[in-house]
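Notes follow the structure.
Below, each value reflects all heavy atoms present in this structure, side chains not excepted, and no hydrogens, waters or symmetry copies.
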Protein chains: 2
Amino acid sequence: MDSMNGTDNVPETATLKIKAFFESAPPLKDAAEIETKLKEFVDRNSSSSENGKINRVVCVTSGGTTVPLEKRCVRYIDNFSSGHRGAASTEYFLKAGYSVIFLYRRGTCQPFCRSLPDDPLLECFTSTDHSSIQVDPSHAEVVKRAISENRSAVNGGFLLKLPFTTIFEYLQILRLIAVSLRSLGPSAMFYLAAAVSDFYVPWESMTVHKIQSGSGPLDMRLAQVPKMLYVLRNEWAPVAFCISFKLETDTDILLGKADMALKKYKMHMVVANELSTRKEEVIVVTEQEQITVCRDKTQAGADVEDPLTTLVVDRHSAYIKHSDA
Amino acid sequence: MDSMNGTDNVPETATLKIKAFFESAPPLKDAAEIETKLKEFVDRNSSSSENGKINRVVCVTSGGTTVPLEKRCVRYIDNFSSGHRGAASTEYFLKAGYSVIFLYRRGTCQPFCRSLPDDPLLECFTSTDHSSIQVDPSHAEVVKRAISENRSAVNGGFLLKLPFTTIFEYLQILRLIAVSLRSLGPSAMFYLAAAVSDFYVPWESMTVHKIQSGSGPLDMRLAQVPKMLYVLRNEWAPVAFCISFKLETDTDILLGKADMALKKYKMHMVVANELSTRKEEVIVVTEQEQITVCRDKTQAGADVEDPLTTLVVDRHSAYIKHSDA
């Protein structure tokens, strides 16, 4: 859902707008802690490489960003996203040998937890008495798998999870990640599956207090979020392999918008998906081709993220090889 | 956050607006299932009463409602609410012998789970190998308590949980609950802690597809949600004991608005709370008095919901006694 089109045809205008966005944004509270975690993660993945080859690292963004409507925030605009795509893709990237920075919206789907009910603690466990609890037999396998695979990825240093809520937090953390991954060159990848707000209320023009009802309808004017994909590719991480996502509800305009994003922001791949069929198929748009990727309907429980990440890893390999040459 | 003020001074206008709201709302998908659950719950609580006295039942609403901005919804306006107040109050009402209908926003805080981390399954458990998992000793007590107390309340028939997401779902389910609790007379209570949207986009005027960015700023006009507290008190559940909540960020207008809600919607109590101090104290406004309720600061972990629910139960007892007389 990243804003892909727009009227910013002059790069300088885009850069100025982005500068203004960051200058007016409320500062990230735990920036120092995030930077420390990122440094450790990148260092570990640079030094632990075998045969002098750098480990591959992918930043997967997942879930929707919010736009506060008041500074002392009671109301906000949110983007619908369960985070299922990002969580599933993270699992497949880990399986393919990548280390993953999972930049996710608080409360959305976590890797290895896709098959669990909404409230797994209360739904999957029973207690015979107050001193002992046990997993329901029907959920035992998925619960054990979720806990053990998550622990092994996090404790092994292959999975770094960073949460966000607002558009301001998301973009500031994404910038920190991009800058910290620069040292990995083409081995770094961005897989931008998060549903990022297109419109926002600039912090300096935001009302302090809760907007009052009672005086008739509410009129709101929202500004466009500046196009961050442009600076990500051109300034923050110019050598990384970049994949963005384009979600629409109207198939008639979907491919045109995906193609525009590819050209305008120089993405390496754009994954076009339509809201109602997004779990069945996506169309991957590259400079040379359009590839329809479908889930394997002959296999129960097969998902579209499995073949999608296989394709992405394959193209990333070619990109690294090409960069080395 | 229920809309409390407004221009609807003529009851007929309010009733007409509410009728129009429900007629244009997308119909509740699982209405029949909810009605069945409610009937069973109310029947059980009518028949299981001791000494011919009717069991007390409270409907606690919790978490924020959303307002979709598109029919094929990608974006929505949300109300900030963790659901902590509703979850905590539910625990105390159960302890006080009430049966509770917990009408909550999907994904928000659940009763008995307040002390758990955000993602309890992944945070509180470890696995030694793939075949066995265990609770971290540091979390063992709260995890066991959460699971056993939730199970005992749900399986014992004292706690019925009903989830909602949109304002349309919330108000339709609230109406079903109110109608089903009528048979309990003054023994029924409404404790409306949910953060209910004040503004919405009427379903019939809502755009079908995702709103396009790229053509400059977005202008939106939102209509006021009709004042449901009025019909709740006057039509849906005229004999029930009703408590609403008023959240503001500006203390200067808080008590005035709470008082207005009390008078205009004939609430029995209005709990006024200010965003930044809401976990420390609230002011309970009744026709006769204003009572400041604070958490016991001398006790570690004490919360404001403990004395608040004690006061509410006390006043509800007096109300029932008065109704019997």
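- Annotation for Lys71(A): atom NZ counts as buried by contact number, over 12 foreign heavy atoms lying within 6.0 Å.
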Is there a side chain to side chain donor-acceptor pair (under 3.5 Å) between Thr165(B) and Thr66(B)? Walk through the geometry before answering.
CA-CA 6 Å; Thr165(B) 302; Thr66(B) 70; over 6 Å; no
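- Proximity to chain A (any heavy atom under 4.5 Å) is restricted, for Asn150(B), to the side chain, taken from C-beta onward.
- Glu123(B) touches chain A through its backbone: at least one of N, CA, C or O sits under 4.5 Å from a heavy atom, while the side chain does not.
- Heavy atoms of Arg151(B) lying under 4.5 Å from chain A belong exclusively to its side chain.
- Comparing Asp250(A), Val154(A), Val67(A) by how many heavy-atom pairs each has under 4.5 Å with chain B, the most go to Asp250(A).
- Taking chain B as the reference chain and counting heavy-atom pairs below 4.5 Å, the highest number among Leu121(A), Leu69(A), Leu122(A), Asp118(A) is found for Leu122(A).
- Of the two parts of Asp219(B), the backbone and the side chain both hold a non-hydrogen atom closer than 4.5 Å to a non-hydrogen atom of chain A.
- By the 4.0 Å N-to-carboxylate-O rule, Glu91(B) lies close enough to Arg145(B) to be salt-bridged with it.
- Classification of Arg106(B) and Glu169(B) as a salt-bridged pair holds, one side-chain N sitting under 4.0 Å from a carboxylate O.
- Between chain B and the options Val143(A), Thr126(A), Asn155(A), the largest number of non-hydrogen pairs under 4.5 Å is found for Thr126(A).
- Classification of the Phe21(B)-Phe168(B) ring pair by plane angle, with boundaries at 30° and 60°, yields parallel.
- Contact annotation for Gln110(B): only side-chain heavy atoms (C-beta onward) come within less than 4.5 Å of a heavy atom of chain A.
- If you check the side chains of Arg85(A) and Asn273(A), you find a donor sitting under 3.5 Å from an acceptor.
- For Lys161(B), the part lying under 4.5 angstrom from a heavy atom of chain A is the side chain only.
- Under 4.0 Å is where a charged nitrogen must lie from a carboxylate oxygen, and between Glu33(A) and Lys37(A) at least one such pair does.
- Both the backbone and the side chain of Asp78(A) come within contact range of chain B, each with at least one heavy atom under 4.5 Å from a heavy atom of that chain.
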